[in-house]
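Predicted model, so just to flag it, every value in this text is computed and none were measured.
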2 protein chains.
Amino acid sequence: MLKISEIAKKTGLSTHTLRFYEKQGLINASQRSEAGYRLYGEADVRKAEFIRTARNIGFSLDDIAVLLSIRLDKASHTCQEVTDIARGKLDEVYEKITELTAMKATLEILLASCCGGPEDATHCSIMEALDASEAKQQSSSGNTATNEV
Amino acid sequence: MLKISEIAKKTGLSTHTLRFYEKQGLINASQRSEAGYRLYGEADVRKAEFIRTARNIGFSLDDIAVLLSIRLDKASHTCQEVTDIARGKLDEVYEKITELTAMKATLEILLASCCGGPEDATHCSIMEALDASEAKQQSSSGNTATNEV
DNA sequence: TAAAACATTAGAGTTGAGTCTAAGGTCAAG
DNA sequence: CTTGACCTTAGACTCAACTCTAATGTTTTA
């Protein structure tokens, strides 16, 4: 059985994070020592690694909680439940990429329009663009990021 | 002179947000009524619109504070100061897009590998991939998002 | 046996950008 | 002269995922 710092080293999750995940109901030490120390077995290590893998892919802790409950009893869950989670995440990712791509385009246009030199900013085209009002919708959740300059 | 709800309507910023921006030192009403009501003039409106435009592009409030200080006295600031801010933001955006693109690729591979049907998840290839450990680095700040499945 | 290195807990703090609340003051309309 | 729509403030709350602290107990090592 591993102590918390041992499983931490093995899985790359910090001891803080492991205790935090326990509070969130994701993972428990399967035993405690007489003194109350958490003791983790092989199955716990695999579970922690599952969590880390899912987290690294980008799943939220809420998603991971659902994935773990499926993992616990695969026979009574379907592939569709699993793909629903993945597809939900993928949709989020698409949306964020769209937003960021709009920001990127805007910033590149702004940067291309300005000399960027030691000249004073009196006629800086970036400042002018920002002052031109006409601010397009963007950021704050789920709109088609159409932001021109 | 406009009351706060009037400039709010005009600029698309909420009254809460305007007061919050005031606390952050971004914008002040240029006058107060006898009763202490904020009163905004034309210059305030233009400043609020500048802020909204910059925010919509994706600049942080800290960036905006700097941009506003440049705007206040363009003659004693350079184009380079302005492009430094834009380039900094653009770098952030690039980094986030890279991360998200890695997530996207991983999720697409996972989704392609799984039937997604009503079959039970006993042999679900997504669950298998998550259980395969081998978790690649990703997310948490600034690493080359190489995440395979 | 004493110090260093671990472990425990509850709970507070961090980040960024708001969002909301409570408790009150002001103003225009009917 | 009251109702409702506005305005004020300080300060708490939200989200996500940690991260850290303090105060204390345990184990290991020199």
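- Counting only heavy atoms from C-beta on, B:Arg19 has its side chain closest to D:dT9 among C:dC6, D:dT9, C:dA17.
- Nearest to the side chain of B:Thr17, among D:dC7, D:dC18, C:dG18, sits C:dG18.
- A:Phe59 has its side chain within reach of B:Leu107: a pair of non-hydrogen atoms, C-beta onward, lies under 4.5 Å apart.
- Contact check, B:Arg55 against C:dG18: a side-chain N or O comes under 4.0 Å of OP1 or OP2.
- Remark: the B:Ser76 side chain and the B:Asp73 side chain contain an N/O donor-acceptor pair separated by less than 3.5 Å.
- In this structure, CD1 of A:Ile7 is placed 17 Å from P of C:dC6, rounded to the nearest angstrom.
- For B:Ile4, the side-chain atoms get nearest to D:dT8 when compared with the rest of D:dT8, C:dC6, D:dC18.
- Following rounding to the nearest Å, B:Glu22 (CD) and C:dA17 (P) show an atom-to-atom distance of 18 Å.
- For the OP1/OP2 pair of C:dT9 and a distance below 4.0 Å, the side-chain nitrogens and oxygens of A:Arg38 include at least one atom meeting the criterion.
- Here the side chain of A:Lys23 is nearest to one of C:dG11, C:dT8, C:dG18, namely C:dG11.
- A:Leu39 has its CG atom 10 Å from the P atom of C:dA7, to the nearest Å.
- Residue B:Ser60 is classed as a sugar-phosphate contact, given heavy-atom separations below 4.0 Å to backbone atoms only.
- With C:dT19, D:dA17, C:dG18 as the candidates, the nucleotide lying closest to the side chain of B:His16 is C:dT19.
- Rounded to an integer number of Å, the gap from CD1 of B:Ile64 to P of C:dA17 is 8 Å.
- Dashed line: the shortest gap from a side-chain N or O of A:Tyr37 to OP1 or OP2 of C:dT8 is not under 4.0 Å.
- Applying the 4.0 Å criterion to OP1 and OP2 of D:dC7, one finds that B:Thr15 has every side-chain N and O outside that range.
- Under a 3.5 Å cut-off, the side chain of B:Arg52 and the backbone N or O of B:Thr11 do form a donor-acceptor pair.
- The distance from atom CZ of B:Phe20 to atom P of C:dG16 is 11 Å, rounded to the nearest whole Å.
- Across the protein-nucleic acid pair, B:Asn28 atom CG and D:dT8 atom P stand 12 Å apart, rounded to whole Å.
- Look at CD on A:Glu92: it is 15 Å from P on D:dC15, rounded to the nearest Å.
- The backbone N or O of A:Ile27 sits nowhere less than 3.5 Å from a side-chain atom of A:Asp44 that would complete a donor-acceptor pair.
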#### Entry: Residue pair A:Arg71, B:Asp131: steps toward the salt bridge (charged side-chain N to carboxylate O under 4.0 Å, His left out) verdict
CA-CA 9 Å; A:Arg71 182 175 181 270; B:Asp131 252 319; 3.1 Å; yes
#### Entry: Criterion side-chain contact (heavy atoms from CB on, under 4.5 Å) on A:Ser5 and A:Lys9, from CA distance to verdict
CA-CA 6 Å; A:Ser5 67; A:Lys9 195 165 299 172; over 6 Å; no
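- Residue whose closest nucleotide on DNA chain C sits further toward the 5' end, between B:Phe59 and B:Lys3: B:Phe59.
- Between the CD atom of B:Gln31 and the C1' atom of D:dC7 there is a distance of 16 Å, given to the nearest Å.
- OP1 or OP2 of D:dC7 sits under 4.0 Å from a side-chain N or O of B:Ser5.
- When each of D:dT27, D:dC7, C:dA17 is scored by its nearest atom to the side-chain atoms of A:Ala35, the top-ranked nucleotide is D:dT27.
- Across D:dC18, D:dT9, C:dC6, the shortest atom-to-atom separation from the side chain of B:Arg32 is found for D:dT9.
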